[in-house]
Each structure stands twice: as structure tokens, then as C-alpha cells.
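Worksheet: the structure to be examined is printed underneath.
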Number of protein chains: 2
Amino acid sequence: MSLDTAAVKPVERLSSVLAPDMEQVNLLIRERMASEHAPRIPEISAHLIEAGGKRLRPMLTLAAARMCGYEGPHHIHLAATVEFIHTATLLHDDVVDESDKRRGRPTANLLWDNKSSVLVGDYLFARSFQLMIETGSLKVLDILANASATIAEGEVLQLTAARNLATDESVYLKIVRGKTAALFSAATEVGGVVAGASDAQVRALFTYGDALGIAFQIADDLLDYGGASMQTGKNIGDDFRERKLTLPVIKAVARADAEERAFWVRTIEKGKQEDGDLEHALALLDRHGAMEAARADANVWTNRAKTALAAHPPSDLRDMLIELANYVVARIN
Amino acid sequence: MSLDTAAVKPVERLSSVLAPDMEQVNLLIRERMASEHAPRIPEISAHLIEAGGKRLRPMLTLAAARMCGYEGPHHIHLAATVEFIHTATLLHDDVVDESDKRRGRPTANLLWDNKSSVLVGDYLFARSFQLMIETGSLKVLDILANASATIAEGEVLQLTAARNLATDESVYLKIVRGKTAALFSAATEVGGVVAGASDAQVRALFTYGDALGIAFQIADDLLDYGGASMQTGKNIGDDFRERKLTLPVIKAVARADAEERAFWVRTIEKGKQEDGDLEHALALLDRHGAMEAARADANVWTNRAKTALAAHPPSDLRDMLIELANYVVARIN
């Protein structure tokens, strides 16, 4: 996920406005990732949590709660909860998605081992669970439990759909909700719930997070095929080489003739890639307007995110959340 | 864990008394392990859950709740929750503890892969979380969140303490609480909480489950060095060959002279085992009365479990729980 590094400007504005809250979140995270008995736990957790991510997900929770006028202490717990769930997911992803090793990032499973990544991930899930209980809100617990199930289900679906050309846009959407949007939408929704916002406003926050997450993931897919000239930390064609069925490819496959289909079967399903295949893949995406169509989808989701916020009265934080949504697609427009 | 198969008689008596409840638990488990989108989830879950385990942990929850006079529906949810947590733990253990592959059991990571075991484990954790929320009891959620953290922490501790001769009895106890006793004690405690039992009775149920789990684990350690002639499905010396620091070995190491210590360093820490080493290890355990001392510890924990139940009025279910505790150490006495 490169959003954390790519969306610098709007995240930095949010970051500066929410700095006092985020300070408390960081203190709570450091306190709760400790383990009296097993020092390996904070070592590994710190490797990820202190690695200088932009804390986007906890920021969404803080922003949503503050936008709804919250003055209590529990948005701090929820922001830390969301960061713990995210970190646990990353630890397990690093074990599952072996491709992370190839990008040269020193993942925890590389520095320690797979076993530690699995178990420390479990520990952080349990810790996140303890943190959210401290809010005393069953509604919040319900949202986060459902998000956890959606995340795990999406990951299993991704595993079984991988390199399978039968993966269509509806399966893609379920996978994207699992890997990205479910935690974004839970992060914003619980912010509204803890603030006691109206049902309509809570629903709007859910829709914002869900649509933001989907728009971001589609943008990420596009950037991998060179959808923009900005620096993203990704090499063009990584997804192709890793045989990922991202949205542009799914659209091109759906419109492929027999010969083109044979190309996708060979390169994605069978993984027999040769020199010049990436260029041919790009030509096929272009021929069928797959990049344009995916870009249009991302814009639809972005607009859905922004429109949802109309349920909330104007405010600086609302402007920043709108700006954040614009930024996600500015990278590809 | 061989308790599920070894403790046949008392578990079967409990099983028969609790059969109508357990029927509902099984229905709920089957319903909740389904996944509309990812069919691999119920396949893998069923591989473990339908494998004919004795359902000891959910039975402890049902027995505790019924013993406290509970007539509502939520002990069913909690029993299913406990079984889901147990199954998720087994899935992750199979990935972490590679030795399970050697015992010839077809684990999920063998039949599918490590990735699926990690992610389906996560899914079952999330599902367990949804189930327990349905009870609406924050107290119950608190107990199960704490148990989840203790389990994960104990597993990490076990990983870092493995093959380390500095592991003493206090570390051993923390590991055993994590791998066995935390879920036993949570299972019995939430049964009391959901039934609205008094604080003293809830504490007694916690103590019973905790002590039962510890006694069982010590008995399991003893059986691995041939502590009894009964069939347990384990080969004598498996733990020695896998270089596990179980209680008899920890006691013998604590009493070792320099030459004996060199033997343990070579066989356990360095893993350089030769023909005759198991026999020599058994002789050292015997020389220092390590088996006898561990057996005495198991009996102390069993008595603690039984004594705790004095906080509850006499009943058939109380008798069966006492009988279950006796059975755990009958295997080694």
C-alpha cells in the first residue's frame, strides 16, 4: 500500500490539525504493544509501527470523531485499535504474500521468521480487541468484528482467486473491500459512533471510508501500469510480473478475443512470461480502453466518497477529508 | 493435545448430559463457519472442527453455565466462540509448530498451505469475536479478549524459550497458561458469568479451568516420558527428540551437575542426539526424581481445581467436573 507515502499533502494537513490527539494515540500504542513476558513482541511490533507510516487509518478515526464534535477520550482507543488491526494484518500479509520479500523491503518475516509474524499478529489482534472493549460500546465492537471478518474473508478470496482469469469485477470488489476498504470504512464509522453522531451521519462516514478505500486501490492498480508520472515507489509492471489480476487487466480480459485471451492465460495463469510481454500487455490495456475505464471507476468512487460527506455540516475537517479523496485520484488524473 | 482423546470416560458422561446443548453448538458452528464468498474457509474449518474432537472446551462452558443454573441461549454462543478460538489457534499452531507434520497427522497446512491456515485462522478469530458480541456482555468480552492476549503471548514466549536451558518453572507456567490453561479458564469463567453467578463462584470457575489446564499439560509432559502405560497416541520420547523443555526436563536440568548439564546442552540446546540418549535422559530424570516431582505438581493442581468447586453447591455436573479433574491425573498416577 503506497497511500501512506503518496498522499503526503492532505495527510500532512490532517496530521498537523490532529497532532495532539495523535500524540496520545502513539503513547497508547507504545504502552499496549509492550509485553512483560515476551520481549520479541514489542521488538517486532515496533519494527512496523515505528517505521514512520503516516498513520492514515487512525487519522481517519480521529478526524471522523472530531468532525462529529467528540470531546471524550475514546477516539484515542479506537485509533490505536485500528492501527493495531492494520499492523496485525500487515504481519500476516507478509507471511502470505511472499512477493513482499521480492520488493527488497525488510519485512518482519525476513528479519525474524514466519512463526513470529503469525504469533505477534495474533497478539496485536488480541490487544486491539482489549482496546476497543474499553470504549464500552457494543456498536463499535460490532463494526470492528464485522470488519475483521470481511478482511480475513477478502484475503482468503484473494488467495483462491489469484491468477484465475475467471475473476470478475464483482469478485475484485469483494477482495478490495477485504484488503483495503473494510478497515477504512470501519475507521471512519467508529469515529462517528463514538461521537454519538446520527445514524445518517454514521452511514455517511461508512460510505466515505468504503469509497475512499476502493478508489485508492483502483488508483494503485493503475499506477502499477504507469497510470501517472508521479513517484510511487512502485516499478511499472510489478503487478504484471507477480501475475496479479488487477482492475485494468480484469477489464482487458473481459474484452479479449481468442488470441488475446491466450496471451493472458500464458502470462497470468501459467506465468510463462517473456521479454516484450509487459509492452504487449500495456498495448492490450490501451486497445480496450481498460486504463481509461478503470480511471473512470476510481473517479466514480471518489465522487461517492465526497458526496457522502454532504450529510455532515461544513467544517475544516470535512474539507480535509474531501481534499484527501481528491488527492487519491489526483495521482491518476 | 491428547486430552480430547484420552479423557474418554468423564468427557463422555458430560457429553451425554449436555447432548441437547451440544447439538445446538454444532449447528451454530456449522452456520458460522460458512463463507458465502470464500468456499475454502468452510472446507478448512470443517477439516478440523468436524474431525471428531471431543469438544472439551465448549463442553466446559456448557457445564459451567448449566451448573450455575443458566436457562438462557447465550451459553451456546460462548461454547461455539471457545471452539472457534481453539480451532483458530490450532490452525496457527500447525504453521508455527512444524513438528506436527512429523507426527503423520494430515494438518491443514499440509493439505492446503500455510497461507490458508493463517488466513482461515484469522477468519475464525473474527467469527468468534462476532459470536461473543451477541451475548451483549462486556464482562464476557473482557475475559475472552484477555485470554486471547494470554494465548498469543504464551505462544511467542514458547517460541523464544524453545531449546533454551535457562527456561525455569515460572516461564514454563506462563507458557502452559498460554497454550492450554488460558482457554480452559476462560471457557469455565464465561459459563459462570453468562449465568449471572456470584463473583466468588465465577472466580472458582476460573481457578478450576486454570488448574485443570495446568494439571493436564504436566500430565501430558509426563506421558511423553512414559509416565503411564495407557495408550495416548504419543510415542515415548517425542518431546525429547523435538528438544522440548517440558517440566520433567526443567526439573532435571535445575538439579544437574556439570556433566549432566553438558548432556542437556548437547541434546536439547544443540540438538546433537545419538543412540542411547533417550535412555540416558530417562535415567537422569529418574536420578533426580524429576518424574515424581512433576507428578506431585500435577496432583497439587488437580486438588486446587477440585477444591475450587467447593464454592458451588453439590450437583451432578459438579461431580462430573471433579471426576474430569481426577481423570487427568489418573493417567499418570
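Order of the sequence lines sets the chain letters (A, B, ...), proteins ahead of strands, with each chain counted from 1.
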For this session: Pick one of side chain, backbone, both or neither for A:L157, based on which atoms fall under 4.5 Å of a heavy atom in chain B.
Result: both
Exercise. Quick one: does B:V120's side chain get under 4.5 Å of A:V156's, heavy atoms only?
Worked result: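 A side-chain contact under 4.5 Å exists here.
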Exercise. Between A:L159 and B:L119, is any pair of side-chain heavy atoms under 4.5 Å apart?
Worked result: yes
Exercise. How are the rings of B:H92 and A:H92 set relative to one another: parallel (under 30°), tilted (30 to 60°) or perpendicular (over 60°)?
Worked result: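 It falls in the perpendicular class, over 60°.
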[options]: which one forms the most heavy-atom pairs within less than 4.5 Å of chain B?
options	answer
A:A145, A:A126, A:A152, A:G154	A:A145
A:E153, A:Q130, A:M132	A:E153
A:R127, A:E155, A:E134	A:E155

For this session: Please report the closest heavy-atom contact between B:D142 and A:I133, naming both atoms and the distance.
Result: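 In this case the closest contact between B:D142 and A:I133 is N-CD1, 3.8 Å.
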Exercise. Nearest heavy-atom pair of A:L141 and B:F129: which atoms, and what distance?
Worked result: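 For A:L141 versus B:F129, the nearest heavy atoms are O-CZ, 4.0 Å.
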I need the [X] [atom1] to [Y] [atom2] distance, nearest 0.5 Å.
X	Y	atom1	atom2	answer
A:T160	B:I41	OG1	CD1	8.5 Å
A:D93	B:K115	CG	NZ	11.0 Å
B:D122	A:I151	CG	CD1	9.5 Å

Seminar exercise, completed: Comparing B:G136, B:A147, B:S128 against chain A, the one with the most heavy-atom pairs below 4.5 Å turns out to be B:G136
